[in-house]
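Below is one structure; the comments refer to it alone.
All heavy atoms count here, side chains included; hydrogens, waters and symmetry mates do not. This one's a predicted model, so the numbers in the text were calculated from it and none came from an experiment. Proteins get letters first, then strands, A, B, ... in listed order; numbering begins at 1 in each.
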There are 2 protein chains.
Amino acid sequence: MPPTKPKSPKIPKIAVIRLALYAKHLEILHSEGVKLVSSLELADLCGVNPAQIRKDLAYFGQFGTRGLGYPVAELLAELKRIMGTDHVWRLGLVGVGNLGRALLRHTQFAEQGFVFTAAFDRNPEVVGTLVSGVKVSNAEQMKRVVRERSPFDIGVLATQPKEAQSAADRLVEAGVSAILNFTPVKLKLPAGVYVENVDFTVRLHLLCYSITHGSDVTQEHPT
Amino acid sequence: MPPTKPKSPKIPKIAVIRLALYAKHLEILHSEGVKLVSSLELADLCGVNPAQIRKDLAYFGQFGTRGLGYPVAELLAELKRIMGTDHVWRLGLVGVGNLGRALLRHTQFAEQGFVFTAAFDRNPEVVGTLVSGVKVSNAEQMKRVVRERSPFDIGVLATQPKEAQSAADRLVEAGVSAILNFTPVKLKLPAGVYVENVDFTVRLHLLCYSITHGSDVTQEHPT
DNA sequence: CGCGTTACGTGAAGGTTTTCACAAAGGGGT
DNA sequence: ACCCCTTTGTGAAAACCTTCACGTAACGCG
Ligand SMILES: NC(=O)c1ccc[n+]([C@@H]2O[C@H](COP(=O)([O-])OP(=O)(O)OC[C@H]3O[C@@H](n4cnc5c(N)ncnc54)[C@H](O)[C@@H]3O)[C@@H](O)[C@H]2O)c1
Ligand SMILES: NC(=O)c1ccc[n+]([C@@H]2O[C@H](COP(=O)([O-])OP(=O)(O)OC[C@H]3O[C@@H](n4cnc5c(N)ncnc54)[C@H](O)[C@@H]3O)[C@@H](O)[C@H]2O)c1
């Protein structure tokens, strides 16, 4: 029986973020043939406090053996199950421009279990072409394409900013409940639709502050 | 005289991150001709608590007028000065591949005061070409190019993962003290060099967790 | 079989960030 | 000149997250 207890207590949001970090390093250990790892060793690899790891894991169950540590393969499998990354997720790209193209061609997504099954654009010159093995469909027919040919779980938004909201609406209409948003627009979406905004410029601003003030402002968070 | 007091007390790292968020919304208000804004109004726009804004600003000085609010133009100018974004920052790209190309072509960086003045690659087929008006130089000659022709302040790293560390070392050698790192590699760099890591896959993992557990884990943080 | 060693799991302590709540301050109307 | 209304700036309280410290459990060795 898997030693998982229900996650009744409130789980700090940042703990979930760190879970992905732990999984990443467990993956490496696993590939190196390491069978057991202590919270201290894993903490060193991840650059966090060992107690932090134990506490984070405790939110989801008991995975270790006292006196030994954690079984790498099992813990990795558990973390993947918890994160939902124990199976492939299908991505649908909206906006096959400069950035969208780079994302489609990014081979490392597939290695992590994220596969583009569909791509959409509005530009007739792009529609119908094949980018990195993915056929670009007409954005107007998203709902139909999703239903009949290429369903996906997560929408990746990379249109021009002024098209972002309507494109997002279309994603929701098509039944998508999670969006990775690369546009600088704050999307208005119904409850139950999850959004993650990616904005590189915030990071640039932080670097500017650090350079200007000579003090590092970057926290160790693994984002 | 500008009402700025020295930043003697300890400033929460996350407060600086929010400053960029405030500046973004002040920019919009300014373009709409709004002259004054209260912490309540700005808080609504930014999706944070009004007291948070007042506290964050208080770390850097007194910018408001009691009973009125904050003067949009002045506060914006102050924030830019504090962040160091009151002038143009020069970017140098290392690795003109899928992602690097998208970044070079991204017109919105310039609008925010970030301009690519140099680009480097190792691939002879790419070296010498012009991408979005920027000449691609040989990565081996980075130090010379930076000194003699195209200095820059912030290095943008978008090489293959296994080249990341050595490319970063070269950036440091060339005198760069801030790096925006798009590779999944945790760079080892001397103290005084600031790094911000951009990793989209963490965001995808978070979305997976949200979908799987039906509870939103995304914090309102503006990253 | 029991004892020593190790390292987990967790309550409590400690530290940091967010929010509350209110005194103080400024503007504007009369 | 005074009063009223609004909103800042800021201690204090609350919430939150991290780290400590130790009881406890499991393994392995003599
Ligand atoms: N390029 C970058 O490096 C970069 C960096 C950060 C953020 N972004 C953001 O990402 C977005 C895309 O940037 P880009 O450089 O790729 O722009 P782009 O103009 O090259 O690409 C946009 C693509 O979206 C398509 N499109 C427009 N409306 C659409 C719709 N309703 N449905 C489907 N497709 C539609 C366009 O035809 C075009 O192909 C922008 O919002 C930009 O702000 C880009
Ligand atoms: N493409 C994406 O959407 C995406 C997304 C997330 C992360 N990344 C990361 O960004 C990096 C680049 O991705 P990509 O898709 O553009 O890869 P890519 O292979 O298309 O481009 C890499 C470029 O870097 C150049 N290069 C290699 N070594 C170099 C060196 N020492 N100095 C200078 N240039 C060098 C190569 O010649 C190539 O042009 C990778 O680390 C990848 O993991 C990419």
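- Side-chain atoms of B/Arg54 stay outside donor-acceptor range of the base of D/dT8, with no qualifying N/O pair under 3.5 Å.
- Checking C/dT19, C/dC8, D/dT19 against the side-chain heavy atoms of A/Tyr70 singles out C/dC8 as nearest.
- Atom CG of B/Leu75 and atom P of D/dT7 are 16 Å apart (whole Å).
- Of all nucleotides listed (D/dC17, D/dC27, C/dA25), C/dA25 comes nearest to the side chain of B/Arg66.
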Run the ring-ring contact (aromatic ring centres under 6.0 Å, His included) check on B/Phe182 and A/His106 step by step: do they pass?
-> CA-CA 12 Å; B/Phe182 283 92; A/His106 188 227; over 10 Å; no
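- D/dC16 atom P lies 11 Å from atom OH of A/Tyr59, rounded to whole Å.
- Using a distance-only test at 3.5 Å, with no hydrogens or angles considered, no donor-acceptor pair links the side chain of A/Thr117 to the main chain of A/Arg90.
- In the set D/dT18, C/dT18, C/dT10, D/dT18 carries the atom at the smallest distance from any side-chain atom of A/Ile14.
- When side chains are defined from C-beta on, A/Leu189 counts as touching A/Val195, because their heavy atoms get closer than 4.5 Å.
- Distances shorter than 4.0 Å separate none of the side-chain N or O atoms of B/Gln62 from OP1 or OP2 on C/dA25.
- Nearest-nucleotide mapping onto DNA chain D: of A/Thr65 and B/Val37, the residue sitting toward the 5' end is B/Val37.
- Taking atom CZ on A/Phe63 and atom P on D/dA26, their separation rounds to 16 Å, with Å as the unit.
- Rounded to whole angstrom, the span from the CD1 atom of B/Ile11 across to the P atom of C/dT16 amounts to 15 Å.
- Taking atom CD of A/Gln52 as the reference point, atom P of D/dA21 lies 16 Å away to the nearest angstrom.
- B/Ser39 and B/Arg54 form a side-chain donor-acceptor contact under 3.5 Å, judged by distance and modelled atom types alone.
- Between the side chain of B/Glu163 and the main chain of B/Gln160, no donor-acceptor pair closer than 3.5 Å is present.
- Relative to the side chain of A/Leu68, the nucleotides D/dG9, C/dT10, D/dC27 differ in distance, and D/dC27 lies closest.
- Closest to the side chain of A/Ser39, out of D/dG9, C/dG27, C/dC8, is C/dC8.
- Across the protein-nucleic acid pair, B/Glu41 atom CD and D/dT7 atom P stand 7 Å apart, rounded to whole Å.
- Rounded to whole Å, atom C1' of D/dT7 lies 11 Å from atom CG of B/Leu36.
- Between the P atom of C/dT18 and the CD1 atom of B/Ile53 lies a distance of 12 Å, rounded to the nearest Å.
- A close approach under 4.0 Å does occur between a side-chain nitrogen or oxygen of A/Lys10 and OP1 or OP2 of D/dC16.
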